[in-house]
Each structure stands twice: as structure tokens, then as C-alpha cells.
Amino acid sequence: MAEQSAEIGFKKDTVSKLLSCFFKEEKTKLSGDAALLMAEMLKIFVQEAAVRSQKQAESEDCDQVDIEHFEKILPQLLLDF
């Protein structure tokens with residue numbers, strides 16, 4: 001199981017390109033370590049959102065997680081991060 005979670009994540013290049021789109025100055029650079037750290041943060045954020053959405057669905061006695069469950073947990077999730 002640990003091997004599966006190690007394979008799932010965001011690619012460093014994808015995160016670098018995504019972040020560089022929001023830089024205001026062209027001279028701004030992103031180090032490789034910063035891109036890896038941001039990729040790990042995104043991975044944790046998505047995992048936490050999935051777990052909280054699942055718990056919300058279970059509390060409402062639903063068998064399937066819907067977008068409404070995600071929308072309910074999103075404000076607190078954003079405050080936590």
C-alpha cells in the first residue's frame with residue numbers, strides 16, 4: 001500500500017510551470033526543492049480533501065461522495081491550510 005501512495009502525486013515540472021504562470025516578474029525563478037515541496041503540499045491537500053469529503057458523505061449516510069460533500073468541507077479545509 002505504501003508503494004502505491006509513493007507513485008501518486010504531482011510532477012515537479014507541472015508544478016513549476018503552474019507556479020511560474022503566476023509570477024509577476026519574468027526574472028523570478030523557482031528552485032527544484034521549492035517545486036518538490038509545493039508538489040508534496042498539493043498531494044497532501046488533495047488527500048485531505050478526499051478524506052474529509054468521504055467523512056462528510058458517511059455522516060449523511062451516502063454511499064457515494066458528490067461535489068456537494070466537497071463543497072461543504074472546502075471552507076474549513078482552506079482555513080486549515
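The shown structure was predicted, so the numbers you read here are calculated from the model rather than taken from an experiment. If you read the sequence from its start, that first residue is 1, and numbering goes on from there.
Using a 4.5 Å cut-off between side-chain heavy atoms of Ile, Leu, Val, Met, Phe, Trp and Tyr, with links allowed through other members, Val46 and Val65 fall into different hydrophobic clusters. Clustering ILVMFWY residues whenever any of their side-chain heavy atoms sit less than 4.5 angstrom apart, transitively, puts Met38 in the very cluster that holds Phe23. Transitive grouping of hydrophobic side chains (ILVMFWY, heavy atoms separated by less than 4.5 Å) keeps Leu42 and Val51 in distinct clusters.
Looking at Gln76 and Arg52, their side chains come closer than 4.5 Å, going by heavy atoms from C-beta outward. Side-chain atoms of Val15 and Lys17, non-hydrogen and from C-beta on, never get closer than 4.5 Å to each other. Contact annotation: the side chain of Asp63 never approaches that of Glu58 to less than 4.5 Å [non-hydrogen atoms, C-beta and beyond].
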Next on the checklist: Using the rule given for side-chain contact (heavy atoms from CB on, under 4.5 Å), can you reason through Glu68 versus Glu60, listing the C-alpha separation, both sets of side-chain angles and the distance that settles it, and then say yes or no?
Outcome noted: CA-CA 11 Å; Glu68 290 84 20; Glu60 296 177 7; over 6 Å; no
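In terms of heavy atoms, Leu30 sits closest to Ser16 at CD2-CA, 3.7 Å. When all heavy atoms of Lys12 and Ala35 are compared, the pair lying nearest together is CG-CB, 3.6 Å. Shown here for Cys62 and His69, the closest heavy-atom pair between the two residues is SG-NE2, 3.7 Å.
Met41 belongs to a hydrophobic cluster whose remaining members, ordered by chain and number, are Ile44, Phe45, Ile67, Phe70, Ile73, Leu74, Leu77, Leu78, Phe81; membership requires side-chain heavy atoms of ILVMFWY residues under 4.5 Å apart, directly or through intermediates.
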